[in-house]
Amino acid sequence: MKKTNEGMYRTSKISMIVTYFVRLVLICLFIRGCVKHDHANTLVIILTFILTYFPSILKRRFGVYLPIRLEITITVFLFAAQVLGEIHGFYDKISWWDTMLHTTTGIILGLVGFLFVYLLNENGDKNVNLSPVFVVIVAFCFAMTLGVFWEFFEYGSDRLFGYNMQKFRLPGQDGLVDTMDDLIVDAVGSLVACIFGWIYMKKKKDTLFNDYFDEWFESERIKNESKTSEEKL
């Protein structure tokens, strides 16, 4: 247990450093835009800055504890997608950048969906015992639904603010192809995450992602113990 807590503490420090670094970069970009009177990326910067607080909001407002490594992954993803992709033009400079990020999105959302449903299944009504197949199907649908809503966001941003998130404003670009490619790689990433989740449920301690999933469940256990202690007091 001591080793686990020490490992979680080190990972938590890394998460804090990464998060503060991304926020500092965003603040610098915002100030630079104000000084140069260039507000083209102001909305993206503000939105990304707010999203860096997403894990903290889940903890404080809803009592949901994401695995710390997942928090780091989400923060790095936001930096890669918004700062490097949108602001510094990596989507145009590197052909596979968008595909890589959408695949990562699918994996992240698939993991989150699986972990939520798994915990509800484990901690909910003891008379309800969902099969591993049903859990991963729900997780997959959860991930794909959020992927679709992201495409709605891209469409709205392009139409309302003149962005080119769906890649249709330049010659030779096809917005429909971009959208379908994004949804396909979202599905692939979600499927990969759900397969590992299914293997975990079937074989428990024999999987590659055992430590990753255990970190989530350890965080959940600590949260429940904290609640129990508060209730006793």
Trace of the side-chain contact (heavy atoms from CB on, under 4.5 Å) decision for F49 with I27: CA-CA 8 Å; F49 188 82; I27 290 172; 4.0 Å; yes
Enumerate, atom names and distances included, each donor-acceptor pair closer than 3.5 Å involving a side-chain atom of residues 108-117, sequence neighbours excluded.
none

Y53 OH to T75 OG1 distance, which is reported to the nearest 0.5 Å: 11.5 Å
Gap between atom CG of L101 and atom CG of D186 - 0.5 Å precision: 10.5 Å
F30, CZ atom: more than 12 neighbouring heavy atoms under 6.0 Å: no
Spacing of OG1 belonging to T52 relative to CG belonging to L78, to within rounding of 0.5 Å: 7.5 Å
Which atom of V136 lies closest to which atom of V133, heavy atoms considered: CG2-O, 3.1 Å
ILVMFWY cluster, V25 and I46 together (side-chain gap under 4.5 Å): yes
Other residues, nucleotides, ligands: >12 heavy atoms within 6.0 Å of Y155 OH: no
4.5 Å side-chain heavy-atom contact, W150 and T105: no
Euclidean distance, I137 CD1 relative to S131 OG, rounded to 0.5 Å: 7.0 Å
Within one Ile-Leu-Val-Met-Phe-Trp-Tyr cluster: I17 and L24, side-chain cutoff 4.5 Å: no
Parallel, tilted or perpendicular, as decided by the 30° and 60° cut-offs, for the rings of F90 and W97: perpendicular
Derivation and outcome, side-chain contact (heavy atoms from CB on, under 4.5 Å), residues Q82 and L26: CA-CA 10 Å; Q82 303 303 326; L26 291 169; 5.9 Å; no
Pair F149 + F152: ring centers closer than 6.0 Å: yes
OG1-CG distance between T103 and D98, expressed to the nearest 0.5 angstrom: 9.0 Å
Nearest-0.5 Å distance, CD1 of residue I50 to OG1 of residue T48: 9.0 Å
Same apolar cluster: L146 and F54, side chain cutoff 4.5 Å: yes
Hphob cluster co-occupancy, V35 + V83, side-chain heavy atoms under 4.5 angstrom: yes
Hydrophobic cluster partners of Y20 (side-chain heavy atoms under 4.5 Å): M16
V192 with V185, same ILVMFWY side-chain cluster at under 4.5 Å: no
Step-by-step side-chain contact (heavy atoms from CB on, under 4.5 Å) determination, D181 to T99: CA-CA 8 Å; D181 285 345; T99 300; 5.7 Å; no
Closest approach of H88 to K93 (non-hydrogen atoms, all atoms of both residues): O-NZ, 3.1 Å
Minimum-distance pair of heavy atoms, taken over all atoms of F140 and A187: CE1-O, 3.5 Å
